[in-house]
Amino acid sequence: MGKHSRPGPPNQPSRAVAHIDADEPLDAYHKRRRPPMDIYRRHRTMHGGAGHLRPDDPRVLEEWDGFSYQVVGTADDLAAAQEWVSELPIGDDSLRDGA
């Protein structure tokens, strides 16, 4: 057996091929429209750099629209940006569903 040919544990499915439900024809499409690491909202410092070192700097707020992150506003500081990231409306699952 070669060095790179080990398939992994025999009791686990392969991770190389994503599972697609046969009953849902658009499953592969919805999987591709999910944001990286399932982060639907994020914030960035206005002028770049290490934001954790400058918590009082303004932030750009970005939201996933199914294809890329779009700028939706600004926040005055790190605390306000973190609050916005965590306040996704409970009844609004359109962001999570990819619709």
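We're numbering straight along the sequence, starting at 1.
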message: Please evaluate residues Tyr40 and Trp64 with respect to the criterion ring-ring contact (aromatic ring centres under 6.0 Å, His included), reporting the C-alpha separation (whole Å), side-chain torsions for both, the decisive distance (0.1 Å), and the verdict.
response: CA-CA 5 Å; Tyr40 292 88; Trp64 182 256; 8.0 Å; no

- request: Test Glu87 against Arg41 for side chain to side chain contact (heavy atoms under 4.5 Å, CB included), laying out the working first.
  value: CA-CA 10 Å; Glu87 74 174 15; Arg41 286 182 164 186; 3.7 Å; yes

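In this structure Asp38 satisfies the side chain to side chain donor-acceptor pair (under 3.5 Å) test together with Arg34, sequence neighbours excluded. Applying the side chain to side chain contact (heavy atoms under 4.5 Å, CB included) criterion to Ala79, with sequence neighbours excluded, gives Asp77.
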Report all side-chain donor-acceptor pairs from residues 42-49 shorter than 3.5 Å, counting only partners two or more places apart or in another chain.
| residue | atom | partner | partner atom | Å |
| --- | --- | --- | --- | --- |
| Arg42 | NE | Glu62 | OE1 | 2.5 |
| Arg42 | NH2 | Glu62 | OE1 | 3.0 |
| Thr45 | OG1 | Gly48 | N | 3.2 |
| Thr45 | OG1 | Gly48 | O | 3.1 |

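Counting heavy atoms from C-beta on, the side chains of Trp84 and Thr74 never come closer than 4.5 Å.
Shortest non-hydrogen contact noted between Ser68 and Gln70 is OG-NE2, 2.8 Å. Pro35 and Ile39 get closest at one heavy-atom pair: CB-O, 3.3 Å.
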